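Fair warning: this is a prediction, and the values are worked out from it, not measured in the lab. Chain letters run A, B, ... following the sequence lines, proteins first, then strands; residues in each count from 1.
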Amino acid sequence: MASKVIYSLRDSTPKKRDDFEDILEERRNSSDLRYALKCYTPAVYRNLVPCKSSMLKNLVLQSEPLRYVIEQVSAESGESREVVQEEASQVLEEMAHRLQLSTVRFFAFTLSKAFKALYRSVRVNEEGIQRLQQAIQEHPVVLLPSHRSYIDFLMMSYLLFTYDLALPVIAAGMDFISMKFVGEMLRMSGAFFIRRSFGGDRLYWAVFSEYVKTILRNGYAPIEFFLEGTRSRTAKSLTPKTGLLNIVMEPFFKGEVFDVNLVPVSISYERILEESLYARELLGVPKPKESTSGLLKARRILSEDFGTMHVYFGAPVSVRSLAQSHINRSQYNLVPRHIPQRPAADTQAFVNDVAFHLVRLQEENMVLKPWALISTLLLKNPDGVELSTLTQQVDWLRRLALSFGAFLDWPDGEPCSKVISSSLTTHRNLAGVSGGRVRLVFPEASGAGLSAEEAEFNRAVTVLSCGSYRNQMLHVFVRPALLAVAMHSANSSRRDEIYNCFDFLRNIFSNEFILCPGASVQDFEEACYLLVKCGAVQESQQEVVMSSSGQATLSFLCSLMEPFLQGYQVVCRYLCEDTQEDLPEKNFVPAVRNFALRLILAGSLKCYEALSSDLQKNALAALIRLKAVKKVKTGDQVTLKINKMAVNSLEDMLGGKIPTQKPVLARL
Amino acid sequence: MASNTDISERQRSARQRLRIIAGHLQKSEGNEHTALSAQECKAETPRSNAAKVTAVPKRRQEILKWNGWGYSDSRFFFNKKGQAEFTGRRYRLSGLILPSLKDWFEGTFGANLQHKTPATASLNVSAVPPPNLNELFVEELKTAGVALSTDPEDRVFRSHGHCLHEIFALREGRIGKIPDLVVWPSCHDDVVKIVELACKHNVCLIPYGGGTSVSSALECPPEETRSIVSLDTSQMNRILWIDEKNLTAHVEAGIIGQDLERQLNESGYCTGHEPDSMEFSSLGGWVATRASGMKKNIYGNIEDLVVHIKMVTPRGVIEKSCQGPRLSTGPDIHHFILGSEGTLGVVTEVTMKIRPLPEYQKYGSVVFPNFQQGVACLREVAKQRCAPASIRLMDNEQFQFGHALKPQVSSIFTSFLEGLKKFYITKFKGFDPHHLCVATLLFEGDREKVLQHEKQVYDIAAKFGGLAAGEDNGQRGYMLTFVIAYLRDLGMDYYVIGESFETSVPWDRVLDLCRNVKERIVRECKERGVQFPPLSTCRVTQTYDAGACVYFYFAFNYRGLSDPIHVYEQVEHAAREEILANGGSLSHHHGVGKLRKEWMRETVSNVGLGMLKSVKEYVDPNNIFGNRNLL
Ligand SMILES: Cc1cc2nc3c(=O)[nH]c(=O)nc-3n(C[C@H](O)[C@H](O)[C@H](O)COP(=O)(O)OP(=O)(O)OC[C@H]3O[C@@H](n4cnc5c(N)ncnc54)[C@H](O)[C@@H]3O)c2cc1C
């Protein structure tokens, strides 16, 4: 497996990380207008072939790869070459960016105002900026920010403008185009637009990939896209998509550029703009179509306090270095390079591994605020905690998180209680102190008008919103937590048995968390290493056992996984008990939601996460992967065929009722 | 030993040498008499024109360097004023001052004339290990009347080619494993005898032609325990006959390029095969390495030039029965011989195509705004199949290098780069002196056609932004071909080591390959602690229908490195990996030798390697030809 060498985790000891500077400070002290009109002369790629955005389109249309596909499509469809060419040209027209410095300046001005209103500070690691500046000059650069909010790409371009760096060309979803004005504004500030799905459309794919590659090869501008494909509604990183990553790496594989620099960027929010929107969306209120007026309504938001934002520009990752001894570039020697070739299986696996690697790099440099710890603890205690107890627990958890390598932004020298109270101020919509206890706040059940369902639904909004802050720090804990659960359910201290359990859980949750495919052994070792390090377990050749002082840590870790274990069980139960063997896929989410809601109303389920469509979909993906459910396509209809026996036994395993079977895993 | 006759012979050969160069530099300057020798051979081959005047004597040490390139009397040095000079009288550059070289040299390499690394002055004969002789073999050879020697100098001279590490070691006075015995067959039958005896007594034979190998092909394998015999073909150097009806010449394989051309010229012919090493490399060496000459566009590469080959192997003599111009008789057995690198036997006689001497030669040059345009132009020239006898495209670094080698001009006071800028900015408006590059051209044929041809090529060049830059620049480019090898020795006097290597690559990948390989070199040097950015430059030296030959020069200042040769080798290794990853070949003409063996399997596939191995096994089961090249 290619994954083995790419990511080594033994060095998960605290990383040396850069310091931050607040960029808003200067904005608050000097003229935004002058800033927006400042002289902008970014350093460019040293082999830059200068060209205008209109010329870029010509380059793409005349490129050999595109001409080849046009020829093919025309031959197969019987359309004339000119017609197909025209079609390609329209696709490109719809797609292409039209970066204009004046628009950028407009944004620089307005966003300055907006950001100052929204955020107390926007903190950037300037060393990262310097590395980036260097990288941009040397090789084509691909910027890969994490994606939690619409603010992300606005902020990215804003920062690059601020630091006088080359403005990126940004891959954006087509959804924006529906907001006529905003779409065009974004286009003029560097966005280009791709359809959400264009599966079989060869021409579209060819135009798209050639557009990206031409930008990259000529060093026209850094390319920016989101590995996760879409905004994460849960604040957990999403399983990366590899399509675009593959496109930007191919010019290196084919020798068209010497190297490509991939720059992971971690954007962390103390409070996410879309916080409750996301929760509602997860609970089934359909996503509001991005409309200009919707965005304008967001003006109200400008009066709120969203705390501090951190943007960490990671070290550039050289594709060349990654590919060394993984990719045999001479495999491209025997076919002309303009003929599109499906990437070979090992290339595909490599790109996939790189994608995971990069997402983990994003995760690693995500800055965690105290609130992430506090909300975690509050979620465990729906009835609230004494302030003093909470203070103790937060302090304890802080130390645990640090020992696991978390990147915590903790106010220097402030007593823990003060930290908590200031967090509570920022997040007063989610939690507060009443009667000496700190607890989640649920929107008032305003009179009799509210049905029981609606009340639960409102509670769920708070729980899921809070959950998204807990999720911000899950990447720090997920491996040890899976191990803790595995130790618990293996009911044995034998290393191999615990590993089997761990591997099973890892497999089940591989859509839920970022767990690099094929890296089960490394993950296990990393988990053991961390738990030994914090004194919770002792490890020997054959055994992994809890140490005498490990109870608190292990049970805390188990509790972190509890919502997911329970949620998945609910999905299983629904499939076993409440549906036929054939279930139309489109009914799946609403049906599970109803089922879970019924359980909650009946008082037999406390886990609101089970209502989250994100969790439900991840669970389904896992069941399909484990072959307990099969997806069958008949015409337009996708049906889920459920193997109830298999689902049932998975449910039991998740509940720890039967130990996982002992597969042949002699790798330990 | 140097005698009076030797001196006059040396002068004569010097003059002849000049004439060869004159082939590139100026038109021929009158006739020259060559003495016929009464050299005897037991062979019964008919002979004609047995000219025994050869530019390189049997005792090579008399006129060649023992630890550097070429003639002892020709070398670069920095004079007391810090100006570079080229000594001797053999080349057009000889005796001239190169005022810009120092600036370029110091600027490019961060070298300093104060920091010298002089070579060991002379070969310390006592450091040469005593020969491991197979007495019976030696006895029988003597009986057979074959010339031989165990003289340390003779042996050291035949223990190496011209790879950097070989010359570097010699300069430091380090002598590695060397042949135990040198034998000089004087004809095909001598070779048959020697090979028979070698088989009988199980000694290892290494054919030696001109010693210009750049693939470690001549190195004695350290693991060899048998007596190693260097079979020097240099005394098999006659043109046996010339067939004017078929335009072929039958030639002994030890003849070196300059002798072959000169002698054919005297009869009004040429082969047109002019590898850059032609002053020293031999016909047998060309066949054994699949050599390529500068003018292959008109005359072809060695495989196009040979009509018939005779090779002596442990199994016997291999040759075809006729001289038909093309055969459909299964796989061409010539292709087992071509490129066999001395692993199967000794090439003794070759029938080669010859051509009447061209009536007219003309040099030319074109300046392009950048390398991309230049490559596009060469590609178009190849597409229209109108390549001149030679067309070479230098990148910007090499173009600057070329300028640094301009002999004394008026303004010695302006610095090199300033002068360059002034010249090119005024002359070629809009061309950035840091990007422009130059193609040099050589046309050959009858006058009218040459002029027509020239126009065609310049017209194409113009389409790619190329501007004609005069005959002089072209001529100088070709002249440099022969002195460039001397420059490495100069570099080595001042902590600078370097080498060239080559590849062939499809047209569509030329630019990518050039960029990536050059960059890889720079990067590898940096990673390995080379203090100053290296010279990493390339040129496109040959065009084909489907691709081009690219030649890289790479050199760096090794001050501060504890093991410069190791660093150098690692970088070259990485560069080769880069070439292969970018669709380039393992070698266009230098061959594999021992230097590039490790890549043979991936180059020719498992089955391919197996085929070659089984040929070796059949032809030479006891590995008499044990230089261990190729496989
Ligand atoms: C400065 C310089 C410039 C060069 N330019 C060119 C160039 O333009 N084009 C080009 O093709 N090469 C070039 N070369 C490489 C080299 O000159 C060629 O490989 C040449 O063909 C070697 O010939 P040689 O007679 O010197 O052979 P040697 O170096 O003596 O031997 C080379 C190999 O051939 C074998 N061999 C030699 N003679 C025989 C024989 N009669 N029978 C069987 N095996 C034999 C040897 O065992 C050895 O393995 C250059 C080298 C240098 C140093």
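Environment of NE2 in H573(B): crowded, with over 12 heavy atoms of neighbouring residues, nucleotides or ligands closer than 6.0 Å. Under a cut-off of 6.0 angstrom, the local environment of NE2 in H566(B) is sparse, with at most 12 non-hydrogen atoms contributed by other residues, nucleotides or ligands. Other residues, nucleotides and ligands place no more than 12 heavy atoms under 6.0 Å from the CD atom of Q324(A).
Shortest non-hydrogen contact noted between L580(B) and N333(A) is O-ND2, 3.1 Å. Across R509(B) and Y332(A), no two heavy atoms sit closer than the pair NH2-O, 2.8 Å.
Counting heavy-atom pairs closer than 4.5 Å to chain A, the top residue among G583(B), G584(B), A581(B) is A581(B).
For the atom pair CZ of R329(A) and CG of N516(B), the computed distance is 7.0 Å after rounding to the nearest 0.5 Å. In this structure, CZ in R515(B) is found 9.5 Å from CZ in F258(A), a value given to the nearest 0.5 Å. Between atom CD of residue E602(B) and atom CG of residue N328(A) there is a gap of 7.0 Å, rounded to the nearest 0.5 Å. Here E577(B) contributes atom CD and S330(A) contributes atom OG; the two are 9.5 Å apart, rounded to the nearest 0.5 Å.
Heavy atoms of R523(B) lying under 4.5 Å from chain A belong exclusively to its side chain. Contact of N47(A) with chain B is made through the side chain alone, with heavy-atom distances under 4.5 Å.
In summary, E519(B) and R46(A) engage in a salt bridge, as defined by a charged side-chain N under 4.0 Å from a carboxylate O.
The closest side-chain heavy-atom distance from D512(B) to R337(A) is below 4.5 Å.
Annotation: residues 497-508 of chain B contacts chain A through D508(B) [non-hydrogen atoms, separation under 4.5 Å].
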